[in-house]
Asks: 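The structure is given below, and queries will be raised subsequently.
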Amino acid sequence: MLTLSNAVRLPTLANHCFIVGEARRADVIWSEGDFKALCEHMLNDNPPDYFLSAWIDKASAQPRFAKAPRWSRADKRASWAWATITGKAKVPTAIGFYPSNPEQKSRWAAIDFDAHNGEHEQARKGALEGFSLLLQQPQLYLILCASGNGYHLFIYTRELNPVGQWIVLLQQVCGWMGVPIADGTCEIFPNERAESQRTGKAIRAPGTWNPKNDMFSLIEAETVRPLLETLPRTWSCGVGKANRALPRNSTALSLHKSTNTYFFTTHTGSTEPIVERLLARYPIEQKGTRNGVLVQLIGDLIHKFGREAAERIVEEHYRRYQPNIGSPLDEHLRDFAAAWDGMCKKLVDSLSPEEQRAFNALNTEHQREGFLIVRAFAGAAAYKGERDFAIARASLADRLSITPCWF
């Protein structure tokens with residue numbers, strides 16, 4: 001059931017942490033495969049022509065928004081929309097979707113905070129408040145966009161949910177913020193009339209071009225990465241997931257995407273020496289020793305990093321010692337996943353009853369990973385006979401592959 005009635009303040013680490021205000025284009029944080037997977041998810045199992053098309057009319061030079069004609073295909077339009085985002089399209093276009101299907105269900109919803117009358121700060125405040133509230137619900141995945149005329153807050157779930165439940169949820173969010181739902185101020189998708197309509201109102205997909213002002217929707221913050229990693233890639237035509245390969249000489253640790261490759265650059269530089277020491281401590285000096293060295297490396301990583309950061313370190317470890325490795329990267333990462341899961345289970349099973357209760361009360365993977373990292377810090381301090389120990393926020397954020405919160 002989609003509801004905020006059971007919303008509670010999370011006890012410790014937030015679901016995700018962000019620097020809001022550093023808006024980025026979609027192609028800086030997602031790959032083409034990510035974008036297409038998100039669009040396919042937003043199609044809601046509707047027919048392939050059931051999407052919104054946006055363009056500039058040649059005759060009138062005016063922006064146009066309309067449901068796509070029957071001969072159109074959403075996967076092709078998504079490719080065109082991505083080409084527009086990346087500056088490769090000769091004629092720009094955008095794609096949007098309808099938050100409903102013939103069964104009156106949707107995998108997503110959105111709130112449009114308009115700033116048409118110059119009320120930009122008010123729209124921004126409402127969007128941030130809505131984002132912060134929904135951030136407390138770990139079953140929801142969020143994208144906050146600066147749309148050019150205000151802000152779009154997208155909310156996703158893995159499964160289809162009744163439109164009526166989405167409407168109640170959006171009404172609860174707006175009611176909690178004290179923001180009236182009204183055209184030109186704050187619109188919800190699906191809106192109150194959606195249950196009696198087949199098509200209803202659509203909204204542009206996150207990151208897409210806006211023909212009204214020739215600007216792109218910029219991503220302010222998002223928690224959709226875990227969802228994207230599990231979505232089907234049937235529209236990608238071989239594009240697949242983002243290539244997370246590191247440049248040969250790159251050693252820093254925090255994730256930023258540039259063109260087709262993810263680069264590691266820390267927020268503070270604090271974790272870079274740790275990563276370098278780990279990579280040097282576990283060399284693969286001859287073929288046939290890869291798996292044993294990998295297990296040793298994971299045994300060290302599991303006390304220092306979350307799974308996402310550890311996987312990227314393991315990828316760099318593979319590339320650094322690739323001349324002495326006979327197995328492909330895919331097999332290496334499968335071995336990593338199996339070993340990590342096994343070690344993590346043993347580590348959790350070793351917790352004291354009191355630690356187990358605290359661990360089980362946490363709601364997100366980042367919280368649980370943070371708990372284990374902080375526990376390792378405490379254990380190291382106890383071993384040295386030290387009562388207190390320091391944890392740098394930026395360092396912990398790097399270890400968990402999240403961005404420190406500044407609002």
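Remember, it's a predicted structure, so these values are computed and weren't measured experimentally. The first residue in the sequence is number 1, and the count goes up from there.
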Asks: In terms of side-chain geometry, is the basic nitrogen of Glu355 or Arg375 positioned less than 4.0 Å from the acidic oxygen of its partner?
Replies: yes

Asks: Report yes or no: does Tyr318 contribute a side-chain atom to a donor-acceptor pair with the main-chain N or O of Leu329 at less than 3.5 Å?
Replies: yes

Asks: After noting the C-alpha distance and the side-chain angles of Phe154 and Leu142, does the key distance pass the side chain to side chain contact (heavy atoms under 4.5 Å, CB included) rule?
Replies: CA-CA 6 Å; Phe154 290 89; Leu142 311 175; over 6 Å; no

Asks: If the plane angle is over 60° it's perpendicular, under 30° parallel, otherwise tilted; pick one for His41 and Tyr156.
Replies: tilted

Asks: So that I can tick it off, tell me whether Asp349 and Lys345 are bridged by a salt bridge, with the cut-off set at under 4.0 angstrom between side-chain N and carboxylate O.
Replies: yes

Asks: Considering only NZ, NE, NH1 and NH2 on the basic side and carboxylate oxygens on the acidic side, decide whether Glu311 and Arg307 come within less than 4.0 Å.
Replies: no

Asks: Does this structure show an ion pair linking Arg233 with Glu32, if we count only N-O contacts that are shorter than 4.0 Å?
Replies: no

Asks: Rounded to the nearest 0.5 Å, how far does CG of Leu153 lie from CD of Glu129?
Replies: 12.0 Å

Asks: Is the closest side-chain donor-acceptor distance between Arg204 and Ser217 under 3.5 Å?
Replies: no

Asks: Just by distance, do the side chain of Thr86 and the backbone of Trp82 share a donor-acceptor pair under 3.5 Å?
Replies: yes

Asks: Should the pair Phe336 and Trp340 be assigned to parallel (<30°), tilted (30 to 60°) or perpendicular (>60°) ring geometry?
Replies: tilted

Asks: Salt bridge check, Glu121 against Lys125: does any charged N sit closer than 4.0 Å to a carboxylate O?
Replies: no

Asks: Any carboxylate oxygen within less than 4.0 angstrom of a Lys/Arg side-chain nitrogen, looking at Glu159 and Lys105?
Replies: no

Asks: Does Lys212 make a cation-pi contact with Phe65, if we ask for NZ or CZ under 6.0 Å from the ring centre and within 45° of the axis?
Replies: yes

Asks: Main chain of Trp235, side chain of Asp75: is a donor-acceptor contact present, judged purely on distance under 3.5 Å?
Replies: no

Asks: Only one of Glu308, Glu315, Glu316 forms a salt bridge (Lys or Arg N to Asp or Glu O under 4.0 Å) with Arg312, so which one is it?
Replies: Glu308

Asks: Verify, without hydrogens or angle tests, whether Asp34 (side chain) and Leu228 (backbone) share a donor-acceptor contact under 3.5 angstrom.
Replies: no

Asks: Short question: side chain of Thr84, backbone of Thr93 - any donor-acceptor pair under 3.5 Å?
Replies: yes

Asks: Please check: side-chain N/O of Asn46 versus main-chain N/O of Leu43, any donor-acceptor pairing under 3.5 Å?
Replies: yes

Asks: Return yes if a side-chain donor-acceptor contact under 3.5 Å exists between Arg77 and Ser53, otherwise no.
Replies: yes

Asks: Looking at Glu40 and Lys36, would you say the former's side chain and the latter's main chain have a donor-acceptor pair under 3.5 Å?
Replies: no

Asks: Is it true that Glu276 and Arg281 make a salt bridge, defined as a side-chain N closer than 4.0 Å to a carboxylate O?
Replies: no

Asks: Establish, from distance only, whether the side-chain atoms of Thr364 and Arg368 form a donor-acceptor pair under 3.5 Å.
Replies: no

Asks: Looking at the rings of Tyr98 and Tyr50, which for Trp means the six-membered one, are their centres under 6.0 Å apart?
Replies: yes

Asks: Hey, is Asp300 close enough to Lys304 for a salt bridge, meaning N to O under 4.0 Å?
Replies: yes

Asks: Using only heavy-atom distances, determine whether the side chains of Asn44 and Ser106 contain a donor-acceptor pair under 3.5 Å.
Replies: yes

Asks: Is the CD atom of Gln122 crowded by more than 12 outside heavy atoms at less than 6.0 Å?
Replies: no

Asks: Does the ring-ring contact (aromatic ring centres under 6.0 Å, His included) test come out yes or no for Trp30 and Phe35, once each step is laid out?
Replies: CA-CA 7 Å; Trp30 297 328; Phe35 178 75; 7.1 Å; no

